[in-house]
Amino acid sequence: MKKIVFVFALLVSLIFLSFKKNQSGVTLKEVVVKAPFEMPSIKIPDFSNCKEYSIVDFGAIKGNKDKISEAINKAITKANKAGGGIVVIPEGEWITKKIHFKSNVNLHLKKGAVLLFSEDPNDYLPAVSSTWEGYECYNYSPLVYAYQCKNIAITGEGELKAKMDIWKEWFKRPKGHMESLKRLYYLASYNKPLKERQMVNDSAHFRPQFIQFNRCENIVMDGVTITNSPFWTIHPFLSKDVVLRNLKVYAHGHNNDGVDPEMSQNVLIENCVFDQGDDAIAIKSGSNQDAWRLNTPSKNVVMRNCIVKNGHQLVAIGSELSGGIENVFIDNCTVVDGAKLNHLLFIKTNERRGGYVNNIYMSNITCGKIDEGILGIETDVMYQWRNLVPTLERKLTPIKNVYLENIKATNVKFISRILGQKELPVENVFLKNIKADNVSGEKDIHENVVNFVRKD
């Protein structure tokens, strides 16, 4: 009798486990990252046991944008309802409208597959909850958009490419665009609800991000190529546990950063190649009152083993940093000789931002000529905002504990330029074994810095 009961219990357990597996083939695995600060392991999804869903089986026909978009959406829904699945983009060019993720979905691009995103702004409506330069708003949907999703991935050897015809025209900042910027600034500054911040109109021309993970968890991108972008290229916003690896990112338009982690935590960027018209990596945490309300720092961000072919900065921090930025580690990266670059590390803020910067580490970097210098810290960077709108609430940014070690460049104007504020000097900057073949100006240009140490 006991044996029968045991066998029955065993069968029930096996049936339950099988049912559970069929309900969700997605498992989580942990990525352990070494850093000079306490770095949590990063949990990312594993879809190796999940079923594949080819978009062709859902009606996709090459050249037919509507059928392709509908097929991708149906496949995503099917994978989500199955508890996990891989949406497959086969070889060839597939023109599409926006793609909206759901949880437990892996978008996989086969070798030779190109997802070509339409340049028609109407294909990115209705407006969704998004951001513009650190302020939350309703805007055109990012080309690839995930909102409050868990366990999502974009993988494969294929390419995501944006058609740029219209977006290039929107790079300009005419009066209508600037007036919309002003309106958003005041809406955010006075904490107006998000539903009132509708920024889609005939003249605002707020371009969408290419890929935005908005309030998501457990994200991986691996292997794909991303070409062109209307705005920021890869934008984890208020997200957690993000791994971006083996990516090739090319975008040479306006505001075309490679990766913009904003108010995101536990982020690993590794083995990627960046060729940008703006910063390779730009770490942000929102602007002014909006970010003070959300009160979420960007924290535990590691970039390693990457190659940069062009970009304003290898890594920029700010100027949208009002939620705070801490624990950043950039290691073992190369900037190719001949790349267009202003700084290796540039920390920027202004009197409106508040927030803080703490524990920034950069090590083992090689590069050629840099137009400016290796380290730049500036506390009065406002760009178009300086004369556009007034300072409504003044908050300075504490910046401290910046470490650079084992860095080699050829030609620079300076090694470090640190322009702190008299009321709140920059604190604790340590440079060790920083070398340049030729320094055309002063090695160190400093205002309002406390405890600067350089050992060559």
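Surrounding NZ of Lys309 are at most 12 heavy atoms belonging to other residues, nucleotides or ligands under 6.0 Å away. More than 12 heavy atoms of other residues, nucleotides or ligands lie within 6.0 Å of CG in Asp456, so this atom counts as buried by the packing criterion.
A donor-acceptor contact shorter than 3.5 Å is absent between the side chain of Thr397 and the backbone of Gly355.
Between the side chains of Asn342 and Glu372, no donor N or O sits under 3.5 Å from an acceptor N or O.
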Check: salt bridge (Lys or Arg N to Asp or Glu O under 4.0 Å) between Lys240 and Glu217: does it pass, once the steps are laid out?
Finding: CA-CA 5 Å; Lys240 183 180 179 183; Glu217 293 182 25; 6.0 Å; no

Notebook entry, point to check: Run the ring-ring contact (aromatic ring centres under 6.0 Å, His included) check on Tyr140 and Trp170 step by step: do they pass?
Noted result: CA-CA 13 Å; Tyr140 292 96; Trp170 286 20; 5.5 Å; yes

Margin query: The test is side-chain contact (heavy atoms from CB on, under 4.5 Å); show your working for Asp241 and Val31 and say whether it passes.
Written below: CA-CA 9 Å; Asp241 288 1; Val31 178; over 6 Å; no

Next item on the list: Decide yes or no on salt bridge (Lys or Arg N to Asp or Glu O under 4.0 Å) for Glu52 and Lys78, but give the supporting numbers first.
Entry: CA-CA 10 Å; Glu52 293 189 354; Lys78 183 76 172 180; over 6 Å; no

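Phe210 and Phe117 have their aromatic ring centers within a separation under 6.0 angstrom. For an aromatic pair to be called close, the ring centres must be under 6.0 Å apart, and Phe231 with Trp132 satisfies this. Aromatic ring centres of Phe452 and His446 lie closer together than 6.0 Å.
A tilted orientation is assigned to the rings of Tyr250 and His252, their planes being inclined by 30° to 60°.
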